[in-house]
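Below is one structure, written out as structure tokens; the observations come after it.
Source: prediction; values computed, not measured. The chains referred to below are lettered A, B, ... by the order of the sequence lines, with proteins before strands, and numbering in each begins at 1.
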Number of protein chains: 4
Amino acid sequence: MSARETAAADAAPVGRVQRKRDRRIQEILATAAELFGERGYDAVSLEDVAERLDVTKGSLYYYFPSKDQLGTSAIETLGNRWTERLEGLLATLDGPVHDRLRRLIAEHIGIAVRDYPAGLRLFLVPQDWPEQQREVIKALRQRHDRLFRDLIDEGVGSGSFTVTSVDSALRCMHASMSQSAVWFSGLRGERLDAAITELTDTLMMLVGAVPGPGPRPA
Amino acid sequence: MSARETAAADAAPVGRVQRKRDRRIQEILATAAELFGERGYDAVSLEDVAERLDVTKGSLYYYFPSKDQLGTSAIETLGNRWTERLEGLLATLDGPVHDRLRRLIAEHIGIAVRDYPAGLRLFLVPQDWPEQQREVIKALRQRHDRLFRDLIDEGVGSGSFTVTSVDSALRCMHASMSQSAVWFSGLRGERLDAAITELTDTLMMLVGAVPGPGPRPA
Amino acid sequence: MSARETAAADAAPVGRVQRKRDRRIQEILATAAELFGERGYDAVSLEDVAERLDVTKGSLYYYFPSKDQLGTSAIETLGNRWTERLEGLLATLDGPVHDRLRRLIAEHIGIAVRDYPAGLRLFLVPQDWPEQQREVIKALRQRHDRLFRDLIDEGVGSGSFTVTSVDSALRCMHASMSQSAVWFSGLRGERLDAAITELTDTLMMLVGAVPGPGPRPA
Amino acid sequence: MSARETAAADAAPVGRVQRKRDRRIQEILATAAELFGERGYDAVSLEDVAERLDVTKGSLYYYFPSKDQLGTSAIETLGNRWTERLEGLLATLDGPVHDRLRRLIAEHIGIAVRDYPAGLRLFLVPQDWPEQQREVIKALRQRHDRLFRDLIDEGVGSGSFTVTSVDSALRCMHASMSQSAVWFSGLRGERLDAAITELTDTLMMLVGAVPGPGPRPA
DNA sequence: TATGAATGAGCGTTCATTCAT
DNA sequence: TATGAATGAACGCTCATTCAT
């Protein structure tokens with residue numbers, strides 16, 4: 001290895017090998033999250049995960065020390081990607097807080113239904129998960145929660161929103177959004193878009209944005 | 001079995017025997033529902049159920065042909081009792097539809113948190129259940145759903161409620177109520193009452209009952 | 001169950017069922033001890049034990065909660081029986097301490113070679129065993145050790161024996177006796193008897209009982 | 001491979017390469033012997049060996065065709081070194097056979113405890129090893145055995161020693177010496193020296209060297 | 001009716017071994 | 001030479017299910 005390569009390695013120690021390994025890990029994680037989402041943690045065996053990846057069970061242990069760890073990592077990865085997308089969206093938005101919240105909700109549901117139909121139940125029933133995972137999930141949820149909470153706080157502060165309690169509203173919002181993929185799992189195209197809009201409008205009511213007879217903000 | 005015994009069986013005794021059997025079944029069902037609710041279907045073994053009943057595993061098979069059947073029956077029983085309580089309540093109510101819906105929601109949450117803290121997850125993740133059970137659960141939900149739907153329809157019809165869509169509002173309501181036992185599992189007494197009231201008020205917003213500055217109906 | 005039977009049960013709570021279970025447990029224990037002795041704890045799988053018993057692996061778990069527990073129990077049972085036999089022998093002996101020690105050693109070797117060819121290595125390499133078992137084995141050894149130690153102490157006190165140190169002598173004695181089954185595993189009948197006598201005589205030298213030119217005590 | 005390379009290989013380079021390979025093999029052997037000694041053959045994985053050598057598992061297969069072979073070679077190397085040290089010692093000794101045997105025993109124990117605390121169990125339980133290995137170990141033991149046997153034969157011939165049987169005495173001696181590292185594993189410094197002396201004296205009794213009241217030879 | 005016993009399939013995990021690079 | 005990856009058989013263990021009594 002030349003001095004230059006060494007320097008490069010020190011700066012970014014991910015060599016070709018490491019990158020390949022990382023890619024493989026992401027593959028496994030994606031597959032695992034998919035399956036856990038479909039059937040729940042307990043109901044998925046490592047055999048199942050391995051089979052969908054077309055490798056043998058034992059191979060998974062080359063990348064993860066246990067099923068629990070695989071589960072934790074899967075949910076963590078998925079949760080982070082999800083939150084990052086929402087954060088990215090928010091960064092591009094301005095305008096009335098009402099509009100921004102609508103976009104955030106709609107985007108969240110869209111991701112849930114379109115991109116991570118699996119992911120929902122990962123968040124939904126934390127009792128299913130071993131202790132250690134619960135912590136990870138909790139942290140994930142908090143980060144995720146903050147995006148919505150900040151907007152609602154802002155809206156309430158500016159008088160745009162009316163709520164019984166911010167916590168209550170947030171909880172109901174999340175409970176509903178978490179179920180959305182189940183509700184809409186059969187829909188595609190315009191039907192799905194309409195369903196998402198409808199659900200979004202309904203959820204906006206939780207912050208007092210009653211759909212008036214006049215034109216609603218798009 | 002002699003003719004006499006048969007006759008006896010046909011007359012009273014069978015009734016007695018049958019009643020005893022039914023009672024036993026109900027005991028088992030209650031215990032099973034309890035355990036499934038506490039830990040989830042997969043995490044409960046028949047050994048667990050048998051132990052809490054102080055019988056042996058094998059005995060359960062005298063009453064139920066499989067774990068799945070036991071699970072289905074447990075959820076069915078629990079769901080029916082639950083719905084019956086709500087139906088009973090509704091029968092005693094009159095007054096504005098707004099008030100009646102509030103009472104129904106509050107009662108539902110109360111049952112969920114206080115009486116069947118278990119029951120929630122039985123409803124929540126139907127994918128966990130084998131095909132056959134899913135049907136039972138679906139029917140159960142529909143009957144349950146109707147109570148709420150009828151009230152909302154009435155309110156919308158009379159102009160008391162405003163909704164984006166009845167279906168949407170119902171779904172969000174149920175999603176939230178289903179989670180309530182998880183949210184409030186740590187609360188007792190007045191704290192719990194307050195939490196239930198708050199959640200109820202929040203859910204009423206889904207039908208356009210924005211909490212005004214004036215006194216809200218109790 | 002009649003009152004009488006109940007009373008009997010209270011006094012000696014081992015019913016027919018319990019006795020049968022105990023007998024089965026003893027069978028399993030004997031087989032397990034045999035196998036562990038033959039190949040060592042690690043090298044024996046539960047499948048092996050089950051196969052020799054002509055049952056399936058899972059059945060063993062009806063009687064023992066883990067392989068470790070099975071191992072511990074096996075060694076404990078075997079060790080106790082062994083020690084009891086030696087204690088029984090000692091109780092019938094009198095005469096010079098020299099003669100009693102000879103008999104004890106010879107009997108110990110005889111049991112090792114003839115009755116528990118397996119048992120030796122159970123005592124020999126305690127590192128093979130999980131922590132918990134080590135304690136059990138240690139206690140077992142101490143009880144066993146005492147039989148020999150008391151005799152040697154007596155002999156040293158009365159001037160019959162000469163030792164560098166009682167501990168040293170005991171250790172060497174046990175190390176040698178533990179190996180005897182390996183050494184003599186191929187021998188039968190008179191050849192075996194002769195071998196045992198020879199080894200016994202050699203071990204007696206550890207307490208200063210040098211074989212003289214004259215007749216040795218039988 | 002070109003003729004030139006072949007030639008080169010035949011001449012010096014191969015020597016260098018071969019020597020390097022041999023050195024590597026010795027490293028591996030030493031590490032393996034260490035680990036096998038610490039935890040026992042079964043409890044050590046090739047992963048463990050590789051890790052301590054800071055190479056990958058697969059690399060070991062470049063030097064050894066199987067774990068069994070590695071085990072056999074490890075024990076062989078260790079046994080040879082051990083015997084050579086004893087042979088070396090014997091070559092420097094003269095004087096009474098009694099003194100020479102004492103030195104040999106003490107040295108053997110010293111090596112066992114101080115230098116190869118590992119080695120003991122390698123010799124102790126030959127049943128653990130596959131057939132092929134047993135042969136190697138047997139040969140090793142015989143060479144090793146001879147050192148002691150020759151001395152005892154000499155002593156018996158000259159009347160210095162009295163034994164029931166040379167074989168018996170040898171066996172007991174080895175059984176005890178094999179266990180010494182277990183017995184003394186916690187000791188250091190003077191305490192250890194004293195323990196070795198004591199054990200040596202005790203073992204000398206197996207050849208009739210009863211510790212007298214007078215000064216014993218150091 | 002109920003029990004104690006047994007079964008057999010499956011699970012998470014380990015590990016010696018193989019192999020393309 | 002050495003590595004990273006993968007394999008497959010085995011292991012300890014769990015559990016729904018069966019069955020003789």
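With rounding to whole Å, B:I28 atom CD1 is found 8 Å from E:dA2 atom P. Distance B:E51 CD to F:dA16 P: 13 Å, rounded to the nearest Å. In this structure, D:L46 atom CG and F:dA2 atom P are separated by 16 Å, rounded to whole Å. Per the geometry, CZ belonging to B:F64 stands 16 Å off C1' belonging to E:dA2, to the nearest Å. Going from atom CG of C:D54 over to atom P of E:dA5 covers 18 Å, rounded to whole Å. Taking atom CG on C:L53 and atom C1' on E:dA5, their separation rounds to 14 Å, with Å as the unit. In this structure, C:K20 places its NZ atom 13 Å from P of F:dA20, rounding to the nearest Å. Atom pair D:D68:CG and E:dA16:P shows a separation of 10 Å (rounding to whole Å applied).
Counting heavy atoms from C-beta outward, C:L29 and C:Q26 have side chains that approach closer than 4.5 Å. At a threshold of 4.5 Å between non-hydrogen side-chain atoms, the residues A:F36 and A:I75 do not count as touching. Looking at D:V44 and D:E34, their side chains never come closer than 4.5 Å, going by heavy atoms from C-beta outward.
For B:K67, the side-chain atoms get nearest to F:dT17 when compared with the rest of F:dT17, E:dA16, E:dC11. Closest contact between the side chain of C:Y63 and the listed nucleotides F:dA6, F:dA16, E:dA5 involves E:dA5.
Here A:R24 does not reach the OP1 or OP2 of F:dG4: none of its side-chain N or O atoms lies under 4.0 Å away.
A salt bridge links A:E38 and A:R52; the closest N-O separation between the charged side-chain nitrogens and carboxylate oxygens is under 4.0 Å.
Interatomic distance, A:L46 CG to A:L35 CG, rounded to the nearest 0.5 Å: 10.5 Å.
Geometrically, A:K67 engages A:Y41 in a cation-pi contact, judged by NZ or CZ lying under 6.0 Å from the ring centre and within 45° of the ring axis. Cation-pi check for C:R21 over C:Y62 is met; the charged atom lies under 6.0 angstrom from the ring centroid and within 45 degrees of its normal.
Both distances falling under 3.5 Å, in either a Watson-Crick or a G-U wobble arrangement, place E:dC15 opposite F:dG8. Across all strands shown, F:dT21 forms a Watson-Crick or G-U wobble pair, both distances under 3.5 Å, with E:dA2.
Heavy-atom distances under 4.0 Å link DNA chain E to D:K57, D:Y61 of residues 55-62 of chain D, given in residue order.
Place B:S66 and C:V44 on DNA chain F by their nearest nucleotides, and C:V44 ends up nearer the 5' end. Mapping A:S45 and B:R21 onto DNA chain E by nearest heavy atom places B:R21 at the nucleotide closer to the 5' end.
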